[in-house]
Amino acid sequence: QRQLAESGGGSVQAGGSLRLSCVASEYTTTSACMGWFRQAPGKEREGVASAYIRGGATYYNPTVKGRFTISHENGGKTLYLQMNNLKPDDTAVYYCAAASASTCLRGNGLQSSAYTTWGQGTQVTVSS
């Protein structure tokens with residue numbers, strides 16, 4: 001079974017940058033839609049960005065578009081989230097997740113319920 005492990009979280013001041021990484025312990029070509037999600041205290045988990053590994057398409061939450069960039073290498077075995085111009089509202093636990101290609105192809109790349117495999121999360125704290 002595929003397992004995901006995030007790293008790269010930390011504490012930064014507003015306007016700073018962080019780069020999150022997610023490494024898959026086992027890679028299967030069926031998991032062709034990968035995404036980043038976040039959950040702040042007292043709030044529901046929300047989609048941040050997703051990528052259709054085979055086709056190259058990416059999708060972003062409007063609140064992060066232009067500031068965050070999702071990328072991948074090794075055919076999706078490693079997923080990244082470059083976060084620039086961070087704001088206090090970006091404070092949350094960030095998770096990476098994997099799903100089948102259909103999740104992205106059907107436009108569900110930012111829906112957490114569509115993902116079947118999750119990492120343990122990494123904390124991102126942005127201070128003002």
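Distance check, rounded to the nearest 0.5 Å: OG1 of Thr58 to NZ of Lys65 gives 8.0 Å. Rounded to the nearest 0.5 Å, atoms CZ (Arg45) and OG (Ser112) are 6.5 Å apart. Between atom SG of residue Cys22 and atom CG of residue Leu4 there is a gap of 4.5 Å, rounded to the nearest 0.5 Å. The NZ atom of Lys43 lies 6.0 Å from the CG atom of Asp89; values are rounded to the nearest 0.5 Å. Here the straight-line distance linking atom CD1 of Ile53 with atom CE of Met34 works out to 6.0 Å at 0.5 Å rounding. With rounding to the nearest 0.5 Å, the separation of CZ in Arg38 from CD in Gln123 is 12.0 Å.
Counting only residues at least two apart or on different chains, the disulfide (SG to SG under 2.5 Å) pairs with a member in residues 98-128 are Cys33-Cys104.
For Glu73, the CD atom is densely surrounded, since the number of other residues' heavy atoms within 6.0 Å is greater than 12.
Hydrophobic clustering (side-chain heavy atoms under 4.5 Å, transitive across Ile, Leu, Val, Met, Phe, Trp, Tyr) keeps Tyr95 apart from Val126. Cluster membership for Trp36 and Val12, using ILVMFWY side-chain heavy atoms within less than 4.5 angstrom, is shared. Criterion: ILVMFWY side-chain heavy atoms under 4.5 Å apart, direct or through other members. Under it, Ile70 and Leu110 are not part of a common hydrophobic cluster. Val64 and Leu18 fall within the same hydrophobic cluster, where Ile, Leu, Val, Met, Phe, Trp and Tyr residues are linked whenever their side-chain heavy atoms come under 4.5 Å apart, directly or through other members.
Between Tyr94 and Glu6 the shortest side-chain heavy-atom distance does not fall below 4.5 Å. Taking the side chain as every heavy atom from C-beta outward, Val124 and Thr91 never approach each other to under 4.5 Å.
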Applying side chain to side chain contact (heavy atoms under 4.5 Å, CB included), run through Tyr60 and Val48 and close with a yes or a no. CA-CA 6 Å; Tyr60 292 94; Val48 175; over 6 Å; no
Mind running side chain to side chain contact (heavy atoms under 4.5 Å, CB included) on Thr78 and His72 for me, showing each step along the way? CA-CA 6 Å; Thr78 306; His72 56 86; over 6 Å; no
Evaluate the criterion side chain to side chain donor-acceptor pair (under 3.5 Å) for residue pair Ser17 and Asn84; output intermediate values, then yes/no. CA-CA 4 Å; Ser17 298; Asn84 298 327; 3.0 Å; yes
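The salt bridge (charged side-chain N to carboxylate O under 4.0 Å, His left out) check on Arg67 picks up Asp90, with sequence neighbours excluded. Under the ring-ring contact (aromatic ring centres under 6.0 Å, His included) criterion, Phe37 pairs with Tyr115, Trp118, sequence neighbours left out.
Scanning both residues, Ala49 and Leu81, for their nearest heavy atoms gives CB-CD1, 4.2 Å. What you find for Ala40 and Ala92 is that their closest heavy atoms are N-CB, 3.8 Å.
Ser50 contributes no side-chain N or O that, together with a main-chain N or O of Gly35, makes up a donor-acceptor pair within less than 3.5 Å. Between the side chain of Thr103 and the backbone N or O of Asn108, no donor-acceptor pair lies under 3.5 Å. No donor-acceptor pair closer than 3.5 Å links the side chain of Asn74 to the backbone N or O of Gly76.
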